[in-house]
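For the single chain, residues carry numbers from 1 onward in sequence order.
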Amino acid sequence: MLGFVPSRVTRPERPYIDLIQRRALTFALLDNTRDWRQRAVHEIVLRDSDHVYASTVYQIRLPLEIVQVFAPSARVGDLARVLLPFTVRPNQLLLNVDFEGIKDKPPALLLRREIAKLQAEYLAHVGGRPLDDQPLAQELWEAVSSYTTFSWWEHLGRTKPPAWRRLWPRYLDSWRQRALVAYLNDWLDFKIKPCHVSDWLLRIEDARVALVEALGEGEDSDSAAECILLAIPFMPVQIKGVADIDRRIDAFRSAVMEMDSRTRQVLAEYGRRWEVFVESVVPVGQACSLRLSE
């Protein structure tokens, strides 16, 4: 007599609330990160002289009251697919990055150009400007957030003066200007001259000072916000010549001088750091952990 063998029951996958297109939700999370980023645990392992393994576990709790603005029927414990401003990193490349989220639903990192566009939109949000009413400088905000330091540092190294000259401020300024000329000409075939760079730096000086004061962290010569010339090669549109850069410089200065202190602070921070945005599925109103490994 054959015995009865029950078939394996496959439980349906738990549905989730899809809020991935709700930019306003993402911006609300950015407005108050301390309300939902609860704890971070860092681990660093020195593997050898050339390799370091860095891992950070973040405990978060997606606020129910924020989710209910966009999904009124949401309850504690429901799963929501959201665009999460996960953490902040310096304007450098992530190396061998990996993410871990809740079971079977690993977070996915957005491309850098997608993150840059989001950061530019958030800057408009902070400034109270509709996303469909953007100034000429909006393309510069994307460039600021797309910028990475690698190429700039390379040009600084090529033009480095002798050590004794680096102690003199006027030689430091000259070194930096020569590096900027080489940097821009390497990216743009416009035969940019030192006189162009010195003029542009002079015209953005008051905007640079305003951004430094708004952030309150001192000066950073590698910041693409404090030196918008560093961001020019990363613009999402093609630059047509020196006159086009002239227009962007004037638009940048005007936009910064019209900003309130909070908007300047955000722009100044994006010149130094970038938001790590991930697409992730997380429970609503319950603590969960996400891991970033490099």
Side-chain angles (χ1 to χ4, degrees), residues 23-37 40 42 54 56 58 60 83-94 97 109-129 131 134-135 137-153 204-236 248-249 251-278 292 294:
R23 294 290 189 265
L25 169 60
T26 301
F27 295 163
L29 295 174
L30 269 174
D31 286 339
N32 298 286
T33 55
R34 293 184 179 180
D35 289 349
W36 58 276
R37 291 178 185 168
H42 302 274
T56 306
Y58 296 88
I60 68 170
L83 194 55
L84 201 64
F86 183 50
T87 186
V88 177
R89 280 291 185 271
N91 270 349
Q92 301 170 25
L93 299 176
L94 291 175
V97 65
L109 177 66
L110 266 64
L111 297 176
R112 189 64 182 266
R113 62 176 178 271
E114 296 172 331
I115 291 175
K117 186 174 178 59
L118 269 172
Q119 291 188 176
E121 291 176 354
Y122 181 65
L123 195 66
H125 162 81
V126 173
R129 185 184 294 272
L131 295 182
Q134 299 304 320
Q138 182 72 8
E139 293 160 346
L140 284 172
W141 308 154
E142 287 191 48
V144 165
S145 297
S146 297
Y147 159 81
T148 56
T149 56
F150 178 78
S151 179
W152 168 236
W153 286 351
I204 64 173
E205 178 61 16
D206 54 352
R208 183 192 70 82
V209 171
L211 291 170
V212 172
E213 291 177 349
L215 189 59
E217 296 181 1
E219 299 182 353
D220 183 350
S221 60
D222 297 328
S223 165
E226 293 164 44
C227 181
I228 197 64
L229 296 178
L230 295 174
I232 293 293
F234 293 86
M235 290 189 63
R248 306 288 173 173
I249 292 297
F252 167 77
R253 182 196 173 279
S254 297
V256 170
M257 300 313 292
E258 291 172 2
M259 289 176 177
D260 59 28
S261 59
R262 169 60 180 153
T263 311
R264 287 178 185 170
Q265 181 185 18
V266 173
L267 176 58
E269 182 163 14
Y270 284 166
R272 306 181 186 203
R273 296 176 282 273
W274 60 286
E275 296 281 352
V276 179
F277 286 98
V278 295
L292 168 64
E294 298 178 71

Inset, instruction - Please work out which of the three classes, parallel, tilted or perpendicular, describes the rings of F252 and W141, given edges at 30° and 60°. - result: perpendicular
Inset, instruction - Report yes if some heavy atom in the side chain of I115 is under 4.5 Å from a heavy atom in the side chain of S145; otherwise report no. - result: no
Inset, instruction - May I ask you to decide if L215's main-chain N or O and E269's side chain share a donor-acceptor pair within less than 3.5 Å? - result: no
Legend entry - E139 side, atom CD; K117 side, atom NZ - distance, nearest 0.5 Å: 9.5 Å
Inset, instruction - List for me each residue that meets salt bridge (Lys or Arg N to Asp or Glu O under 4.0 Å) alongside R113, sequence neighbours excluded, and say none if there are none. - result: none
Inset, instruction - Quick one: list whatever passes salt bridge (Lys or Arg N to Asp or Glu O under 4.0 Å) with D35, sequence neighbours left out. - result: none
Legend entry - Interatomic spacing from CZ in R23 to CG in L30 - rounded to 0.5 Å: 11.5 Å
Side-chain donor/acceptor pairs under 3.5 Å, residues 228-235, sequence neighbours excluded:
none

Legend entry - Distance (rounded to the nearest 0.5 Å) between D220 CG and E226 CD: 5.5 Å
Inset, instruction - Please name all residues satisfying ring pair (Phe, Tyr, Trp, His ring centres under 6.0 Å) with W36, sequence neighbours left out, ordered by chain then number. - result: none
Inset, instruction - Any chance you could lay out the side-chain contact (heavy atoms from CB on, under 4.5 Å) test for L267 and M259, step after step, and finish with the verdict? - result: CA-CA 10 Å; L267 176 58; M259 289 176 177; 3.8 Å; yes
Legend entry - Distance in Å, R262 CZ paired with L123 CG, rounded so as to fall on 0.5 Å steps: 9.5 Å
Inset, instruction - Give, for atom CH2 of W274 and atom CD of Q119, the distance between the pair rounded to the nearest 0.5 Å. - result: 8.5 Å
Inset, instruction - Give the C-alpha distance, both sets of side-chain angles, the deciding distance and a yes or no for side chain to side chain donor-acceptor pair (under 3.5 Å) between D222 and Y147. - result: CA-CA 10 Å; D222 297 328; Y147 159 81; 5.2 Å; no
Legend entry - Closest non-hydrogen atom pair between L140 and R248, with its separation: CD1-O, 3.5 Å
Inset, instruction - Return the set of residues passing side-chain hydrogen bond (donor to acceptor under 3.5 Å, both in side chains) with T263 (not counting sequence neighbours), or none when no residue passes. - result: D260
Legend entry - Side-chain (R264) to main-chain (V212) donor-acceptor, under 3.5 angstrom: no
Inset, instruction - Any chance you could measure S146, atom OG, to N91, atom CG, to the nearest 0.5 Å? - result: 9.5 Å
Legend entry - Check: V278 and L109 side chains under 4.5 Å, non-hydrogen atoms: yes
Inset, instruction - Could you please spell out the steps behind the side-chain contact (heavy atoms from CB on, under 4.5 Å) verdict for D31 and Y122? - result: CA-CA 9 Å; D31 286 339; Y122 181 65; 2.7 Å; yes
Legend entry - Minimum heavy-atom distance A116-E142, with the two atoms named: CB-O, 3.4 Å
Inset, instruction - With the side chain counted from C-beta on, respond yes when F277 and E114 share a heavy-atom pair under 4.5 Å apart, and no when they do not. - result: no
Inset, instruction - With sequence neighbours left out, write down each residue that passes salt bridge (Lys or Arg N to Asp or Glu O under 4.0 Å) with E219, or none if nothing qualifies. - result: R208
